[in-house]
Undergrad: 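What follows is a structure written as structure tokens; I'll ask about it next.
For the numbers below, each heavy atom of this structure counts, side chains included, while hydrogens, waters and symmetry mates do not.
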Amino acid sequence: MSAQDTEDFGADNLSEKSRMIPSLPPYDMNDQLLPREPRSAWCCLAWTLVVVTMNSLVFFINLLLMFVIFTVVLLPTIVVVYFGFQCHSRVLHSAARYCRSILDDNSSSALIILGFVIMSPLIVVAMAIYCSLARRLHLFMCFQPYSRAVYKGVKWRWYEEGGLCSCVKGWNTQVKAWV
């Protein structure tokens with residue numbers, strides 16, 4: 001075999017291997033694919049507490065936001081079912097004036113049924129409102145990976161996006177959700 005044949009053979013192997021790589025590797029040293037340097041045990045414990053605290057805080061903010069949205073949207077259902085149960089003679093049978101003059105057992109039963117019937121569409125509306133708000137505020141991007149605590153040099157997600165949870169960026173009005 002000549003030298004030209006061996007070079008061609010190596011070039012063919014190289015091109016076959018390069019076809020298997022889906023994209024070019026990053027040239028930025030911050031986005032390197034090399035193994036990162038692990039933290040010491042105490043430093044890892046401290047960073048684990050920071051990451052767990054931040055993730056717990058983000059979780060409770062999401063939970064509070066969901067609670068507020070569901071409470072506001074489901075308020076008509078809560079009121080209708082409450083008055084239906086309060087004025088029915090077999091449940092609470094209140095001595096309030098509106099229970100004696102306006103609501104009898106049949107109308108109280110109708111209120112209870114109406115409240116439970118309108119509950120399911122209102123739950124869908126509340127979930128759609130929460131999901132669109134969480135997507136616009138990028139709330140799920142605020143969760144930090146555990147590798148932030150284990151390895152040095154892992155960037156905060158919100159730092160790269162331009163602010164805390166990307167709220168500084170402009171709103172993306174092209175995002176649509178089908179419910």
Undergrad: Please say yes or no: joined through hydrophobic side-chain contacts below 4.5 Å, possibly via intermediate residues, are Val51 and Leu49 part of one cluster?
TA: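 Not linked; separate clusters.
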Undergrad: Only counting residues at least two apart or in another chain, list the ones meeting side-chain contact (heavy atoms from CB on, under 4.5 Å) with Val73.
TA: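 side-chain contact (heavy atoms from CB on, under 4.5 Å) check on Val73 returns Ile69, Leu122, Val125, Ala126, Ile129.
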Undergrad: Please determine whether residues Leu63 and Leu133 belong to a single hydrophobic cluster, defined as Ile, Leu, Val, Met, Phe, Trp and Tyr linked transitively by side-chain heavy-atom distances below 4.5 Å.
TA: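 Result: yes, single cluster for both.
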Undergrad: With sequence neighbours left out, what residues match Leu45 under side-chain contact (heavy atoms from CB on, under 4.5 Å)?
TA: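 With sequence neighbours excluded, Leu45 shows a side-chain contact (heavy atoms from CB on, under 4.5 Å) to Trp42, given in chain and number order.
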Undergrad: Only pairs at least two apart or in different chains count here, so list each side chain to side chain donor-acceptor pair (under 3.5 Å) that has a residue in residues 117-127.
TA: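 Qualifying pairs, neighbours excluded: none.
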Undergrad: Could you pull out all residues at least two apart from Cys131 that satisfy side-chain contact (heavy atoms from CB on, under 4.5 Å)?
TA: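 With neighbours one apart ignored, the set is Met127.
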Undergrad: Examine Leu65 and Val68 and state if one hydrophobic cluster contains both, with Ile, Leu, Val, Met, Phe, Trp and Tyr joined whenever side-chain heavy atoms are less than 4.5 Å apart.
TA: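 As far as the 4.5 Å side-chain criterion goes, Val68 and Leu65 are not connected within one cluster.
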Undergrad: The criterion is side-chain hydrogen bond (donor to acceptor under 3.5 Å, both in side chains); which residues satisfy it with Ser89, sequence neighbours excluded?
TA: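 Ser89 satisfies side-chain hydrogen bond (donor to acceptor under 3.5 Å, both in side chains) with Asp105 only.
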Undergrad: Please say yes or no: joined through hydrophobic side-chain contacts below 4.5 Å, possibly via intermediate residues, are Ile102 and Leu114 part of one cluster?
TA: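 Looking at the clustering, Leu114 is in the same group as Ile102.
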Undergrad: Ring pair (Phe, Tyr, Trp, His ring centres under 6.0 Å) with Phe83: which residues, sequence neighbours excluded?
TA: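 So Phe83 forms a ring pair (Phe, Tyr, Trp, His ring centres under 6.0 Å) with Tyr98.
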Undergrad: Kindly write out the residues that satisfy side-chain contact (heavy atoms from CB on, under 4.5 Å) with Leu103, not counting sequence neighbours, or none if the list is empty.
TA: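 With sequence neighbours excluded, Leu103 shows a side-chain contact (heavy atoms from CB on, under 4.5 Å) to Cys87, Ser107, Ser108, Leu111, given in chain and number order.
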Undergrad: Going by ring pair (Phe, Tyr, Trp, His ring centres under 6.0 Å), name the pairs with one or both residues in residues 57-80, residues two or more places apart or in two chains.
TA: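 Counting only pairs at least two positions apart or across chains, no ring pair (Phe, Tyr, Trp, His ring centres under 6.0 Å) contact touches residues 57-80.
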Undergrad: Would you list the pairs meeting side chain to side chain donor-acceptor pair (under 3.5 Å) in which at least one residue belongs to residues 50-68, sequence neighbours left out?
TA: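 Listed once each, the pairs are Asn62-Tyr130.
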Undergrad: Which hydrophobic side chains are connected to Val52, either touching it within the sub-4.5 Å cutoff or through other members that do?
TA: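 Other cluster members: none.
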Undergrad: To the nearest 0.5 angstrom, please state how far the CD1 atom of Ile123 sits from the CD1 atom of Ile118.
TA: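 Ile123 CD1 to Ile118 CD1: 11.0 Å, rounded to 0.5 Å.
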Undergrad: How would you list, by chain and number, every residue that makes a side-chain hydrogen bond (donor to acceptor under 3.5 Å, both in side chains) with Thr48, sequence neighbours excluded?
TA: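 Expected list: none.
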